[in-house]
Amino acid sequence: MIKAVMFDTKPYDRESFERLLGSDISLDCYETRLDSTTVGLAAGYDVVIMFVNDVADEKVISELYKYGVKLIALRCAGFNNIDFKAAYGKVHVVRVPAYSPYAVAEFTMGMLLTSLRRIHKAYNRTREFNFSINGFTGFDLHGRTVGVIGAGKIGRAFVNICNGFGMKALAYDKYPSDGIPAEFCEPERIFEESDVISLHCPLTDENYHMIDAAAISKMKKGVYILNTSRGALIDSEALLDGIKSGKVGAACLDVYEEESDIFFDDRSGHILHDDTLARLLSMPNVLVTSHQAFLTEEALQNIAETTISNIRGFFAGEPMPNEICYHCSSLGQCKKQRKERCF
Ligand code: NAI
């Protein structure tokens, strides 16, 4: 029997996992997040199942190793919350590389349309019997330029949606590949020419705060900035300044750089201590959602299926296509191609 423990569990996670578990895996679920203060809960388990705001830093990894945990199974695609150097040689890490790029891409377009055409404000007005449409003027997306940073699975799906709207698409990717209906270019051209900029690359050390004051200064006045990728790709203070000065026309944020202590929970009865987020939320042209772009039935099913199959495959000694390590995540020099596992 493989003993697994899941952190940061929500009711929808429990439901989708329990539906698929067999008698070979036992699963205990904790609502609390994994970090250095809660890692003790992982003692006695073989596998730790983590989500985006759980933290596996050096201290956590060393505790997990001490407890005999052999596998960290990320139930997400992003992996910026893992100290891969600390994990290498000790604890294997697997992830769900794709669960539904369409879920995130469709949500991104939903945020853009909501913000651009003020649908969220119209909903509130008509519920109050206010049928005025003053202040709701948007612009046609048809004929406008969208710049996508990160042309992987989600970036491509988003470009396809934008093409359906008749937009011209530019794309920047560190490792560009064929088959995307967009013109590849450097970020500078995206900043200078795009009416809408959408982030779809992973967060790494090198692109931390890639959207900073300097980048924003190069953008078109009135640019729409969409981030459904990772919060720290954007310097939130610089974004706030851009919003206040009118340089940035609107921001749609499903992720926020300091989200880990805030997102996913009901904090309506609490004081929000993050002044930058409070200020962003107070802006009429900022739309914030709580990291929900992935949340579709299809994605939950795929997350549970892939995570369980990653766990079974690991303990059955099978090749691990979804394993990720320090070498494959940052250097592109992983030995997995030869040895079928990262170490
Ligand atoms: P992917 O791996 O298919 O695509 C990522 C692309 O970014 C790749 O083409 C890669 O070459 C490129 N890239 C890597 N480093 C880059 C850099 N420094 N600058 C520009 N491009 C770079 O990943 P996928 O599935 O498209 O996901 C993208 C990101 O979306 C994930 O890393 C994750 O952070 C985020 N995400 C957000 C979700 C949400 O609910 N809001 C759900 C799922 C993913």
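One-based numbering, in listed order, for ligands and for the atoms of each.
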Identify each donor-acceptor pair in which a side-chain atom of residues 132-155 lies under 3.5 Å from a protein atom, sequence neighbours left out, and give them as a table.
{"unit_1": "Ser132", "atom_1": "OG", "unit_2": "Asn134", "atom_2": "N", "d": "3.1"}

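- Protein residues with any heavy atom under 4.0 Å from ligand 1: Pro97, Tyr99, Val104, Gly150, Ala151, Gly152, Lys153, Ile154, Tyr172, Asp173, Lys174, Tyr175, His200, Cys201, Pro202, Glu206, Asn207, Thr228, Ser229, Arg230, Asp254, His291, Ala293, Phe294.
- Residue pairs meeting the salt bridge (Lys or Arg N to Asp or Glu O under 4.0 Å) criterion with at least one member in residues 299-320, sequence neighbours excluded: Asp24-Arg312.
- Residues passing the salt bridge (charged side-chain N to carboxylate O under 4.0 Å, His left out) test with Arg189, sequence neighbours excluded: Glu183, Glu193.
- Looking at Thr38 and Thr32, their side chains never bring a donor and an acceptor atom within 3.5 Å of each other.
- Environment of CD in Glu18: crowded, with over 12 heavy atoms of neighbouring residues, nucleotides or ligands closer than 6.0 Å.
- A cation-pi arrangement, defined by a distance under 6.0 Å to the six-membered ring centre and an angle within 45 degrees of its axis, is present between Lys90 and Tyr65.
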